[in-house]
S.K.: 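One structure coming up, written as structure tokens, with questions to follow.
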Amino acid sequence: MNDIETQWANEQRLMAAQVQIPTLGQGYQPQDNDVILGLDIQYESDKAYIAGDLQHYNGHHLGTYSGVTAVMAPYVPGFFCFREGPPLFALVNHLLNDATLPRPDLLVVDGHGIAHPRTFGVACWLGVKTGLPTIGIAKKSLLKFSGQVGNEQGSILDIAHKGQVVGYALRTQTGIKPEYVSPGHLVALDTAKTVALNLVSEYRIPDVLRRADQMARLHSKDEQTNDWINVGTLG
DNA sequence: GCGACAG
DNA sequence: ATCTTGTCGC
């Protein structure tokens with residue numbers, strides 16, 4: 001562990017103390033008309049192209065927004081929040097300051113929440129910085145776990161760390177690789193599980209994350225479409 | 001010592 | 001994440 005990683009680990013420890021994971025039945029509870037903000041990033045040389053997709057919890061799509069910032073930190077597994085967090089935060093702030101847009105009730109981040117070696121993934125970082133309910137959804141697990149998820153859609157397997165359940169492997173589509181969900185901030189474990197399953201339509205990953213991924217990719221390749229709004233340089 | 005390692 | 005061709009399937 002070099003100097004920067006030691007410093008990062010300290011910062012994660014301090015910020016992790018601010019994370020609030022409500023108990024069963026407490027914290028954020030999804031409602032049909034809640035506004036969900038899905039976030040993802042694509043990288044192109046030293047630029048980070050961030051996209052945010054807004055939809056109602058019931059599935060109604062509202063719009064997609066994309067911006068760009070300079071990348072300031074390297075990618076180090078386990079310290080993902082310091083690379084990806086600041087660009088995400090910049091876009092969220094931009095959207096929060098736009099009076100024409102609805103305020104998101106929940107953030108959905110491409111990455112982990114508390115299912116993390118130091119219980120502090122990028123979804124926790126963004127949750128603490130914004131003060132908004134946040135969950136993390138990732139395509140690979142960072143923690144080792146035992147057992148196997150059932151093959152049927154909706155099958156779930158606990159992912160534990162140091163004796164505590166911190167997230168789940170979730171089979172969102174029958175016969176398709178599971179995704180990994182964990183709360184980031186202000187969301188209970190069972191709520192994160194429910195939300196992750198209900199946000200999925202016909203793909204492995206929730207639409208709100210797929211659209212963010214697609215738009216960020218298009219922006220990074222300088223392609224213009226009619227379905228997203230370029231909010232320019234952030235930060 | 002060796003391998004694994006969110007995006 | 002990104003670099004990359006063809007190929008299988010709905």
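In what follows, chains are A, B, ... by sequence order, proteins preceding strands, each numbered from 1.
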S.K.: Would you say the side chains of A/Y65 and A/D98 form a donor-acceptor pair under 3.5 Å?
M.R.: no
S.K.: Starting at OH of A/Y203 and ending at P of C/dC10, how long is that distance when rounded to a whole Å?
M.R.: 15 Å
S.K.: Judged by atom type as modelled, is there a donor-acceptor pair below 3.5 Å linking the side chain of A/H112 to the main-chain atoms of A/K140?
M.R.: yes
S.K.: Run the numbers on A/Q214 and A/D53 for side-chain hydrogen bond (donor to acceptor under 3.5 Å, both in side chains), then give the verdict.
M.R.: CA-CA 10 Å; A/Q214 291 169 355; A/D53 185 84; over 6 Å; no
S.K.: Starting at NE2 of A/H219 and ending at P of C/dT2, how long is that distance when rounded to a whole Å?
M.R.: 14 Å
S.K.: How many angstroms lie between atom OG1 of A/T130 and atom CG of A/L96, to the nearest 0.5 angstrom?
M.R.: 7.5 Å
S.K.: Give me the one residue out of A/N230, A/N226, A/T225 that meets side-chain hydrogen bond (donor to acceptor under 3.5 Å, both in side chains) with A/W228.
M.R.: A/T225
S.K.: Convert the base pairs of DNA chain C into dot-bracket notation, remembering that pairs crossing earlier ones are written with [ ] and that bases paired across to another strand are shown as |; include only Watson-Crick or G-U pairs under 3.5 Å.
M.R.: ..........
S.K.: Linking I/L/V/M/F/W/Y whenever any side-chain heavy atoms sit under 4.5 Å apart, do A/Y180 and A/F79 land together?
M.R.: yes
S.K.: Nucleotide by nucleotide, 5' to 3', does protein get under 4.0 Å of the base (B), only the sugar-phosphate (S), or neither (-) in nucleotides 2-7 of chain B, counting heavy atoms?
M.R.: --SBBB
S.K.: Less than 6.0 angstrom from the centroid, inside 45 degrees of the normal: does A/R210 satisfy that with respect to the ring of A/Y203?
M.R.: yes
S.K.: In terms of side-chain geometry, is the basic nitrogen of A/R211 or A/D227 positioned less than 4.0 Å from the acidic oxygen of its partner?
M.R.: no
